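Predicted model only: the values in this text are computed from it and were never measured. Naming convention: chains lettered A, B, ... in sequence-line order (proteins, then strands); numbering from 1 in each chain.
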Amino acid sequence: MTLTINSISAGYDSSIILHDISVELKQGLVTALIGPNGSGKSTLLKVIAGIVKPYAGIIRLGDINVDELKGTQRAQLIAYLPQASNSLPSTTVFESILLGRKPYISFEPDSEDLAVVEDTIKIFNIEQYAFKKINELSGGEIQKVLIARAIAQRTKVLLLDEPINHLDVKNQLEIMNIVKHYTASSGLITMVVLHDINRALQFADEFILLKDGYIIERGSSEVITPHVLHEIYGIEADCITYKKKRKIIII
Amino acid sequence: MEKLNLQNRESEYIKGHIVHTYIHLVKNKLLFGILLIICIVFVFVYSITSGSLQIPLSNVFSSLVSENEFSYIVNNIRLPRSVAAVIAGAALGVAGCVMQNILKNPLASPFTLGVSHGAAFGAAVAIIVFNAGTSHSIGNESVTIFNVYAVIIAAFVGAACAVIIILFLSFLKNISPDAIVLAGVAMGSIFSAATMFLQYFAADFQVAATVFWTFGDLGKAGWVENVLLAGGFIPVIIYFYSQRWNYNALLWNDDVAISLGVNIQSLRLTGMLLSAFIVSLCTAFLGIIGFIGLIAPHIVRMLIGNDYRFLIPYSALFGALLLLASDCIAKLILEPVIVPVGIVTSLLGAPLFFYLLIARRTP
Ligand SMILES: Nc1ncnc2c1ncn2[C@@H]1O[C@H](COP(=O)(O)OP(=O)(O)OP(=O)(O)O)[C@@H](O)[C@H]1O
Ligand SMILES: [Mg+2]
């Protein structure tokens, strides 16, 4: 199954932010979405999640036209983590993750829903504070819970907007490892907005480089070159190979 | 081998223990609901016995099954009054609960949309402009008799107007919940200015009648009023309860709610319309009863957490309990005079609200 984004144009009110975006995302792969501030990364994720309606273009998952789905059906296929949510409700971690099961709950959660929540809590290793209020946790702990909620949604597509910002290095690696393994093992289509290019090179399989709402480059890690980085960020960078992986050194 | 088995059993035990803890917590919340219901039953029975004439408990029960000297009071005065307290308290509590959710504002209350001022203006129009209130003066005591239903209908129309204007403005330009709260304040001020304008040109007894009308008073309720109140309230709370998961999602930011499949626009619109509807109904029949809708959801949230599966029914139950208890106080405080319950709820509600604000740990 592939997620096909076909000639999407989108924006807010009258301004156009995304211009004619077309990409295909494959199952089991993590795609990193990279670009400067204001280049339209979050907007692209919101279009796929159904939060921003595109002016033109079509989004298909396999042969399903995603735009024709009802809210709940769409939520069973696509999970979305927004960029830095500033307002958190005072619900417990368990309740927050249980909300990820909402698209499946018609009356009350059944034992499967509860089991999924428990499994997810264990995957993220957050048992110790499963019944603490989410607004009483640290930034890194909160971020784990929010990603856990998206994963508990058990969708085909996972959209994460800057999931590891403000996290310490250990938590960055832990979260990205979970995302990568879960994507590969469950055959997910995962798109992650990352600002740290080396982190992207470490965990992503595919790369999309965005600037001013246009796709500048896309493909495997080879597309990340000093030349391209100069083009989209206007910076000087060097590229080295360390343990068979590409690394970028910003000068 | 033995050791391995033990390990297996241990992991078996650990598996499911988070779910168990959760189910245990849910059971505690259910117990809290049962406790609330028991409290309501007790206060309800007590409120039937209390008043300017104390009726012994045994006589209350016997008066229900067979005619005795208390039957008239119990059936026509005490019972309708206490039933009105339960329905109106529940309606105000649940309306506040939903308003606080959809406006994302813990200080939102059923009156945030200007319902009370709109209702008071409607009543003033009926009494002053259409002369729905007449008055007999006996010495220096003035007794006011209303053309009750004209005033009720006018009050309801006034309340509905306030809400519809605000909702129209908000959906004209899709304004934020915060702006809706502010628009409610502005709307309230327009309506109270209009009411004062009418009062300025009215006769003394008409002014007295409009002021008297605004006092929230459960004594205004008879069986007909109760049936109408219940007829409005029951379908609305069923709808609210059916949306509990959507309200849970709406606790998060709007984008999260949408990505979980919530149609936030229609959820907000119907939520505001329906809560305004039941509050307008209560206000039209009983007058303005403040603070129940603000405080009941707050206290319930402090006690059982932020889960609308429980918050919706329990805000209703707690609202009912608060209004019943306030009415008991209203009957006793200046015995044998019965103080309008709206005065009691505001008098007790405001300090309680201050306390809740100070006691709240999180900023
Ligand atoms: N709700 C909105 N209303 C109007 N314009 C918006 C809105 N959200 C974003 N924009 C505009 O759209 C453009 C792209 O924003 P977007 O959030 O997609 O950028 P981004 O690539 O995610 O940036 P960042 O790295 O800073 O998160 C910006 O110019 C921004 O000003
Ligand atoms: Mg962004």
Chain A contacts, top residue of B:Thr21, B:Asn263, B:Asp254 (heavy-atom pairs, under 4.5 Å): B:Thr21
Proximal component of A:Leu114, with respect to chain B [non-hydrogen, under 4.5 Å]: both
Under 4.5 Å from a heavy atom of chain A, the part of B:Ser242 involved: neither
Under 4.5 Å from a heavy atom of chain A, the part of B:Arg301 involved: neither
Side-chain donor-acceptor contact under 3.5 Å, B:Asp307 with B:Asn248: yes
For chain B, the option from A:Arg74, A:Gln73, A:Glu95 that forms the most heavy-atom pairs under 4.5 Å: A:Glu95
Interface residue of largest heavy-atom contact number with chain B, from A:Ala130, A:Ala75, A:Pro89, A:Gly71, under 4.5 Å: A:Pro89
A:Ser42 side chain to A:Asp161 side chain, donor-acceptor N/O pair below 3.5 angstrom: yes
Pair A:Ser96, A:Thr91: side-chain N/O donor-acceptor within cut-off below 3.5 Å: yes
More than 12 heavy atoms from other groups under 6.0 Å of CG on A:Asn65: yes
Contacting moiety of A:Ile134, where chain B heavy atoms sit under 4.5 Å: side chain
Pair A:Thr43-A:Tyr12, side-chain donor/acceptor within less than 3.5 Å: yes
Which atoms of B:Asn246 approach chain A - backbone, side chain, both or neither, heavy atom under 4.5 Å: both
Contacting region of B:Leu25 [heavy-atom separation from chain A under 4.5 Å]: side chain
B:Arg244 side chain vs A:Phe107 backbone, donor-acceptor pair below 3.5 Å: yes
Sole candidate of A:Leu69, A:Ile189, A:Val157 that passes side chain to side chain contact (heavy atoms under 4.5 Å, CB included) when paired with A:Ile78: A:Val157
B:Val19 backbone acceptor or donor facing A:Glu118 side chain under 3.5 Å: yes
A:Lys46 side chain vs A:Lys53 backbone, donor-acceptor pair below 3.5 Å: no
Largest heavy-atom contact set with chain A, pairs under 4.5 Å, which of B:Asp255, B:Ile258, B:Asn253: B:Asp255
Side chain / backbone / both / neither for A:Thr155 at chain B, heavy atoms under 4.5 Å: neither
Region of A:Leu146 that comes under 4.5 Å of a non-hydrogen atom in chain B: side chain
Heavy-atom proximity to chain B below 4.5 Å, by part of A:Gln76: neither
Heavy-atom pair count under 4.5 Å with chain B, highest-scoring of A:Leu98, A:Leu81, A:Thr92, A:Val117: A:Leu98
Largest heavy-atom contact set with chain B, pairs under 4.5 Å, which of A:Ile105, A:Leu99, A:Val52: A:Leu99
Interface moiety of A:Tyr80 toward chain B, non-hydrogen atoms closer than 4.5 Å: both
Closest non-hydrogen atom pair, A:Ile51 against B:Ser259: CD1-CB, 4.4 Å
